[in-house]
Amino acid sequence: MAVRLVHCRDIHRAYRLLHARNGLLGWWPGRTRLEIIVGAILTQNTAWTNVEKAIRALRAARLLSLRGLRSAGLPELEEAIRPSGYFRQKARKLKAFLTCLDDDFGGRLNRMARPATPELRERLLAIWGIGPETADSVLLYAFNRRTFVVDTYTKRVACRHGWIRPNPSYDDLQALFSRHLPEDVPLYNDYHAQMVWVGKHYCRTKPQCEGCPLKPLLLGRPPEA
DNA sequence: GTCCAGGGCC
DNA sequence: GGCCCTGGAC
């Protein structure tokens, strides 16, 4: 299992390298639990700068509250979140979350925070519009659960560095990081933030390894596709 | 003006 | 695999 040991070390080392470069990135951008959840939905397949515009518009329209989201009409919601893209889909997704919250948790986020992590994850995944990444983002950043969030960047970094076989599933990737990292919520929080950072700046669809803090991990090899 | 990046559903 | 969408880069 020499191969796996190398990857285990690299997963730690990658974090140390990124943290040395960036310090703690201080996620999640969101003032309240609800705002974090809304952001997690709006950021699907979308750059965060566009999400910020949508969040600002929601706040300006007084829609960034449970009451506001509940009472908002779909067109009103769509108009506000337009900058985040897929606005018709995402307006329905926000409504779907509210419906679940109201029907299953008495409309209280505090009550949604009660179930153990595996059950809460199932409940979130059952909501239309919430897939694995969004569910795990909500668990980690809104409910402080020790849940590793896998996104496109994390997948790219892991594959290009040969930490996992090509075309891994979401669950395989999550298991890889969960196995190798200590059980530490702040670490999971910052690890994901660092992956997003390195994905945006270096591990893009076209790799830009020059200047990347993770370049030493490649040992001179080219990154795998 | 065209192209690119980015999760989830059907 | 096709569909949903935008702002920013070029």
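Every chain is numbered from 1 and lettered A, B, ... according to where its sequence line falls, protein lines coming before strand lines.
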Separation of [N] [atom2] from [X] [atom1] (nearest whole Å):
{"X": "Lys93(A)", "N": "dC4(C)", "atom1": "NZ", "atom2": "C1'", "answer": "8 Å"}
{"X": "Lys90(A)", "N": "dG7(B)", "atom1": "NZ", "atom2": "P", "answer": "9 Å"}
{"X": "Gln89(A)", "N": "dC3(C)", "atom1": "CD", "atom2": "P", "answer": "13 Å"}
{"X": "Glu52(A)", "N": "dG7(C)", "atom1": "CD", "atom2": "C1'", "answer": "13 Å"}
{"X": "Phe97(A)", "N": "dC9(B)", "atom1": "CZ", "atom2": "P", "answer": "15 Å"}
{"X": "Asn167(A)", "N": "dG1(C)", "atom1": "CG", "atom2": "C1'", "answer": "15 Å"}
{"X": "Arg56(A)", "N": "dG7(C)", "atom1": "CZ", "atom2": "P", "answer": "12 Å"}
{"X": "Lys206(A)", "N": "dC4(B)", "atom1": "NZ", "atom2": "C1'", "answer": "13 Å"}

Under 4.0 angstrom between Thr49(A) side-chain N/O and dG7(C) OP1 or OP2:
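Result: no.
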Under-4.0 Å side-chain N/O to phosphate OP1/OP2 contact, Ser84(A) with dC5(C):
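Negative; the distance criterion is not met.
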Check every atom of [options] against the side chain of [X] and return the nucleotide holding the closest atom.
{"X": "Phe87(A)", "options": "dC5(C), dG7(B), dC10(B)", "answer": "dC5(C)"}
{"X": "Trp128(A)", "options": "dG8(B), dC9(B), dC4(C)", "answer": "dC9(B)"}
{"X": "Pro132(A)", "options": "dG8(B), dG7(C), dC9(B)", "answer": "dG8(B)"}

Pair [X] + [Y]: basic N to acidic O under 4.0 Å:
{"X": "Arg82(A)", "Y": "Glu78(A)", "result": "no"}
{"X": "Glu35(A)", "Y": "Arg59(A)", "result": "yes"}
{"X": "Arg121(A)", "Y": "Asp136(A)", "result": "yes"}
{"X": "Glu183(A)", "Y": "Arg146(A)", "result": "yes"}

What contact category does [X] fall into here, base, sugar-phosphate, or nothing, at under 4.0 angstrom with non-hydrogen atoms?
{"X": "Lys53(A)", "answer": "sugar-phosphate"}
{"X": "Arg92(A)", "answer": "nothing"}
{"X": "Thr152(A)", "answer": "sugar-phosphate"}
{"X": "Leu125(A)", "answer": "nothing"}
{"X": "Arg204(A)", "answer": "nothing"}

Please answer whether dC4(C) and Tyr86(A) are stacked, defined here as ring centres separated by less than 5.5 Å and planes angled under 30°.
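Not stacked by the 5.5 Å and 30° rule.
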Any link between Leu98(A) and Trp128(A) through a network of hydrophobic side chains (Ile, Leu, Val, Met, Phe, Trp, Tyr) touching at under 4.5 Å?
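No; Trp128(A) is not reachable from Leu98(A) via cluster members.
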Of all heavy-atom pairs between Trp163(A) and Leu217(A), which one has the smallest distance, and what is that distance?
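Of all heavy-atom pairs spanning Trp163(A) and Leu217(A), the closest is CZ2-CD1, 4.0 Å.
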Closest-nucleotide ordering on DNA chain B, the 5'-leading residue of Cys203(A) and Ile127(A):
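Looking at the nearest nucleotide for each, Cys203(A) comes out on the 5' side.
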Closest-nucleotide ordering on DNA chain B, the 5'-leading residue of Lys200(A) and Gly129(A):
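Residue closer to the 5' terminus by nearest nucleotide: Lys200(A).
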Report the C-alpha separation of Thr99(A) and Asp102(A) in whole Å, then their side-chain angles, then the decisive distance to 0.1 Å, and conclude whether the side-chain hydrogen bond (donor to acceptor under 3.5 Å, both in side chains) test is met.
CA-CA 5 Å; Thr99(A) 299; Asp102(A) 289 344; over 6 Å; no
Is there a residue in residues 73-83 of chain A whose heavy atoms reach under 4.0 Å of DNA chain B, and which residues are they?
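Close to the strand, none.
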Can you confirm whether Arg70(A) is buried at CZ, in the sense that more than 12 heavy atoms of other residues, nucleotides or ligands lie under 6.0 Å from that atom?
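Yes.
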